[in-house]
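Take a look at the structure set out below.
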Amino acid sequence: MSRSRTTEPAAVNKQANSDRQGKIPGLAVVVMAAGQGARMRSKQAKVLHPVAGQAMVLYSVGLALRVAGEPVAVVVGHQAERVRQAIDQLVSDKKSARVSIVEQRKQLGTGHAVLQSRPVFGVGKRGAPSSYLILNGDTPLLREKTVRELLRVHKTERAIVTLLTAEMDDASGYGRVVRAPSAERSVVGIVEDRDASAAERAIHEINVGTYVVDGEFLFSALENLDPSNAQGEYYLTDIVRLAERAGRRIAAVVLDDPDEGLGVNTRRQLAEAEQVVRWQIRDRWLDAGVTMLDPASVWIDATVTIGKDTVLYPNVTLEGTTAIGEDCLVRSHTRLTDCTVGNGVEILDHCVCTDSQIEDEARLGPFAHLRPGVVVRKKAKVGNFVEMKNTDLGEGSQANHLSYLGDAKIGKRVNIGAGTITCNYDGSRKFQTVIRDGVFLGSNTQLVAPVTVGAGAVIAAGTTVTEDVPAHALAISRVVQVNRVGWAARRRALATAVPGKAAKKPVARQSKSRR
Ligand code: UD1
Ligand code: CA
């Protein structure tokens, strides 16, 4: 199967790579993802909620994998198994074995969460990481560039802890960054919203939840945390105060764009994050040479790729692992989920396609529905109100109108007449229909599977095919037509006859034109 995936995203990645400097030796990463996220009011763990089609936690894990020269630990707890599965998916896609999942059985706070990761790193032994990047699992807008800047500042300022902060108009819910009154205004601590005094609540500089901490300091500090606070939790943020008391240097980087520091605690913040990420994705593909007539109405998941000179009309939705080639046209109100689309493909309005493959120069729609497992081969056409499932439509073949094609293997240059139906299901089991090259199916044909139509055969319109058709044969199965000359006229005459008189039925006479 030749999958014509676009090559363009590689070029995009190259561009993004120019501000990526690869993995940093000695740097380990901890991602905290064990919390329930009660403020979401959800049955699902917060970090699994998708942003642009991708579970929130995967933004942090993906970023971790791009920068870490040492292992990445992800701390899971609430719905641990499901979070683990989401991460496994990403990690197996990236063929990376550097992620260790550790469980925090009771969610006793962010400090306690990080402490659980200690066994991953061989702390105290030779070769243990020289520094740790710690990420919240609920900050999907954080950029790699920013993290690298944080690491740079940590190094140049010889700090023991470096944190990322942001100036928020509405700082409520966040930890506030407390600075010394001295001219230097160095950071002295972080106070959680619920523990803050009125004066501290008035601070607009917030803790984003992204930290770089020295290897020799992190775990010894975590062991000294004290949960005497409003939530009775072990706060990771208290290591800042511990560093300050030990007279160690604390550095901070303030975000230029506070949006990037958005922590998703509520559905409102989830919606905000979604909007920001969606625009980042649109901008990325516009920059890569994709045309969008109305970008705001086009929805592209984080995991989608699109080739250059492809044109997206308003209200197109591209989801999951969809990969579109170059020079394609996708008209309005079409949704593609986990589809592979070749080059020069035209998809007209109102198509819904899932887990299917559409090869070069094929044409789809309007109103086509491809359910999982469909392959539309090169230059094939699928038209109005055609539903397909687990079907391979051969090169140059056409199914232009009103059909259901399920569990079918269809050869090259086949014409599927309007109203063709594969009867693939007997109420309990599914069967295959095979239609070989060059077959012509007349309109309103039913194929009762399992059945094979040989190469070059013709199926007369209205035929119900129940037996295999030999190559180059004509199959016809329909009641022979009868024409009753004058019958309709006589019936009309009877209908208008005087009431009361006995009405006779029009007598049927055999027509001479009978075949
Ligand atoms: C945290 C910070 C706060 C900061 C904010 C930024 C602490 C104490 N507070 O608050 O200063 O402004 O993030 O968004 O760190 N988690 C665990 N185990 C736990 C608790 C939490 O793994 O026991 C995980 C959560 O899944 C989440 C992350 O840690 O991914 C942050 O937890 P959350 O409860 O959202 O912390 P905030 O109250 O937002
Ligand atoms: Ca949070």
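Order of listing sets the numbers, starting from 1, for every ligand and every atom in it.
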Q. Where does the angle between the aromatic ring planes of His350 and Phe367 fall among parallel (under 30°), tilted (30 to 60°) and perpendicular (over 60°)?
A. parallel

Q | Arg282 to Trp299, cation-pi by 6.0 Å centre distance and 45° axis angle | A |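 That pair qualifies as a cation-pi contact.
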
If you measure every N or O of [X] against every N or O of ligand 1, does any of those distances drop under 3.5 Å?
| X | result |
| --- | --- |
| Gly263 | no |
| Val47 | no |
| Thr110 | yes |
| Met32 | yes |
| Leu236 | no |
| Asn136 | yes |
| Gly109 | yes |

Q) Can you tell me if Gln357 uses its side chain to pair, donor with acceptor, with the backbone of Cys339 under 3.5 Å? A)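 No, Gln357 side chain to Cys339 backbone: no donor-acceptor pair under 3.5 Å.
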
Donor on one side chain, acceptor on other, [X] and [Y], under 3.5 Å:
| X | Y | result |
| --- | --- | --- |
| Ser42 | His49 | yes |
| Glu157 | Thr162 | no |
| Tyr404 | Asn424 | yes |
| Thr303 | Asp301 | no |

May I ask you to say whether [X] pairs ionically with [Y], meaning some side-chain N is under 4.0 Å from a carboxylate O?
| X | Y | value |
| --- | --- | --- |
| Lys378 | Glu359 | no |
| Glu144 | Arg148 | yes |
| Glu223 | Arg118 | yes |
| Glu149 | Lys145 | no |

Would you mind listing which atoms of ligand 1 come within a distance below 4.0 Å of any non-hydrogen atom of [X]?
| X | answer |
| --- | --- |
| Asn265 | 35 (O), 39 (O) |
| Tyr235 | 8 (C) |
| Gln104 | 17 (C), 18 (N), 19 (C), 22 (O), 23 (O) |
| Glu192 | 2 (C), 3 (C), 7 (C), 8 (C), 9 (N), 10 (O), 11 (O) |
| Ala113 | 17 (C), 18 (N), 22 (O) |
| Lys46 | 35 (O) |
| Gly137 | 30 (O) |
| Val208 | 6 (C), 14 (O) |

Q. Given Lys106, Arg194, Arg39, which one has a non-hydrogen atom that is nearest to atom 36 (O) of ligand 1?
A.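 Looking at heavy atoms only, the winner is Arg39.
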
[X] heavy atom under 4.0 Å from ligand 1:
| X | answer |
| --- | --- |
| Ile206 | no |
| Met40 | no |
| Gly77 | no |

Starting from [atom], find the nearest protein heavy-atom neighbour and note its residue, name and distance.
| atom | value |
| --- | --- |
| atom 25 (C) of ligand 1 | Gly35 N, 3.7 Å |
| atom 4 (C) of ligand 1 | Asn207 O, 3.1 Å |
| atom 22 (O) of ligand 1 | Ala34 N, 2.8 Å |

**Q.** Atom name of the N, O or S atom in Asp138 that lies nearest to the Ca ion (ligand 2)
**A.** OD2

Q: Examine all N, O or S atoms of Asn136, backbone included, and report whether one is under 3.0 Å from the Ca ion (ligand 2).
A: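 No N, O or S atom of Asn136 is closer than 3.0 Å to the Ca ion (ligand 2), so no.
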
Heavy-atom closest pair, residues [X] and [Y]:
| X | Y | answer |
| --- | --- | --- |
| Ile203 | Val177 | CG2-O, 3.6 Å |
| Arg267 | Met40 | NE-O, 2.9 Å |
| Ala86 | Leu58 | O-CD2, 3.7 Å |
| Tyr132 | Leu27 | C-CD1, 4.0 Å |

Q.
Please work out, at 4.0 Å between heavy atoms, whether the side chain, the backbone, both, or neither of Ala33 comes within that distance of ligand 1.
A. backbone

